[in-house]
2 protein chains.
Amino acid sequence: MARIKIEKNSSRKEVIVSKAASLFREKGFKAASMRDLAEAVGVEAASLYNHIKSKTELLHELCFGVANRFMQHMDEVESKKTSSIAKVEELVRFHINEMVNHYEEVYVSDREWKHLSDPYLSNFQNQRRMYRKRFAAIIETGIRNKEIKSIDAPTAVLIILHAISGIESWHRSTQKINAEELTNNMITILVGGLKNV
Amino acid sequence: MARIKIEKNSSRKEVIVSKAASLFREKGFKAASMRDLAEAVGVEAASLYNHIKSKTELLHELCFGVANRFMQHMDEVESKKTSSIAKVEELVRFHINEMVNHYEEVYVSDREWKHLSDPYLSNFQNQRRMYRKRFAAIIETGIRNKEIKSIDAPTAVLIILHAISGIESWHRSTQKINAEELTNNMITILVGGLKNV
DNA sequence: TTTCTTTGCTAACATATGTTAGTATATTAT
DNA sequence: ATAATATACTAACATATGTTAGCAAAGAAA
């Protein structure tokens, strides 16, 4: 009888969630079927329901898992006593790092959250809005301090976040430059583009 | 009997394609059903098939319509005898403009092309790859001329294109700054981040 | 071993979905 | 007015999909 293989310190549910991430990334949430997922996991579709409640639950887990990590990091950054530009750089580095190392989950959370349903949907949207507001506030402080060019802070946030999500293309490209070089290039352009000379 | 209303100089098919764009943008290609589309158009689902061949055809029309406009613009830019940085700026302005004024189509083309099927899929992917290569080539020339910072050109392209696709968030935000201001801010950060000082 | 719990399987369901057939009704051309 | 064409409608189909019910087998606990 087939059985879901687990690594040490991981539940069967975690295996399913992880496979779901890569499937949702590849095909999109709607287009990825539970039968696809079952096959990826090596089991029949019905068997998945011994471990999860529903397909949507998989999306919850992924989206809120990612959102929580970012929120927690934001807390940490805000509490530091560094310059605004340093904070921005740290946020950017964290985003890049997450996108490089937890590609599938972050990507899915970013692109597929639309398919959440209330109350999760509203909750997620609020978190997202809050995160961006806090990011923008840091930039605004930087502008007042003359560390950062005088630009519209929400626009800057929007540019930064979306630019980073472009790492998706990097992941799929055949001749990748290495991750460190990628990070440095992104910092140069994004943070460099903000800095007051 | 219900009838699809058309404006002057537009076919019924164009009305359908346009409504499809906004539906695909809102719900995603897979999640948007032909019945949804029919309702948006004001007609029964089966009636749509007097004008279109299939649901996928709608996606073709949208994706290739957008891709062709960008390709043609790239031809124009390349043939100009301006500096590299000016070319980059013109490309960026065009992208922003398209994203602001043809939001739905551009967005759908950007996010939903995965659901094309071969041979269209490969064709689209090739066009996309080509476009980016040509964009990167312009940046590389700029680097050799010392107009542009010494960075990895493909990474720069990736950042620029994805940053612009972030205009999606701007479109949905309640308190939008105006389009011109948005453009200027984006140019400042993106082109400013590239320029050699 | 015996009992209990976990995990898997087959079968089936209800529903949603893209699409086609066949027919009726407008609109346009003769 | 008549014929021809374009457009719409109802009904139905085949298929895909999320999920549940009921049972079997495997592993852990006693």
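In what follows, every chain begins at residue 1, and chains take the letters A, B, ... in the order their sequences are listed. Just so it is clear, the structure is predicted and the values come from calculations on it, not from any experiment.
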Exercise for review: Nearest whole angstrom, please: distance from the C1' of D:dT5 to the NE2 of B:H51.
Suggested key: 13 Å
Exercise for review: Could you tell me the separation between the CG atom of A:L48 and the P atom of C:dG8, rounded to a whole number of Å?
Suggested key: 9 Å
Exercise for review: Let me know the distance between NZ of A:K5 and P of C:dT6, rounded to the nearest Å.
Suggested key: 23 Å
Review point. Is the A:H73 ring parallel, tilted or perpendicular to the A:F94 ring (thresholds 30°, 60°)?
Key: parallel
Check your understanding: Heavy-atom distance under 4.5 Å between the side chains of B:M99 and B:H171, does that happen here?
Key -> no
Check your understanding: Just how far, in rounded Å, is P of D:dT10 from CD of B:E44?
Key -> 5 Å
Exercise for review: Determine: side-chain N/O of A:S47 to OP1/OP2 of C:dT7, distance under 4.0 Å, yes or no.
Suggested key: no
Exercise for review: Count the heavy atoms belonging to other residues, nucleotides or ligands that lie under 6.0 Å from CZ of B:F64, then report whether that count exceeds 12.
Suggested key: yes
Practice item. Please identify each residue that fulfils salt bridge (charged side-chain N to carboxylate O under 4.0 Å, His left out) with B:R35, with sequence neighbours left out. Key: none
Exercise for review: Report, as a single string ordered 5' to 3', how protein heavy atoms within less than 4.0 Å touch nucleotides 14-29 of chain D: B base, S sugar-phosphate only, - not at all.
Suggested key: ---BBBB---------
Review point. How long is the span from the CZ atom in B:F29 to the NZ atom in A:K30, to the nearest 0.5 Å?
Key: 13.0 Å
Point to revise | B:K19, B:K55, B:R111 screened by side chain to side chain contact (heavy atoms under 4.5 Å, CB included) with B:F24, the one that passes | key: B:K55
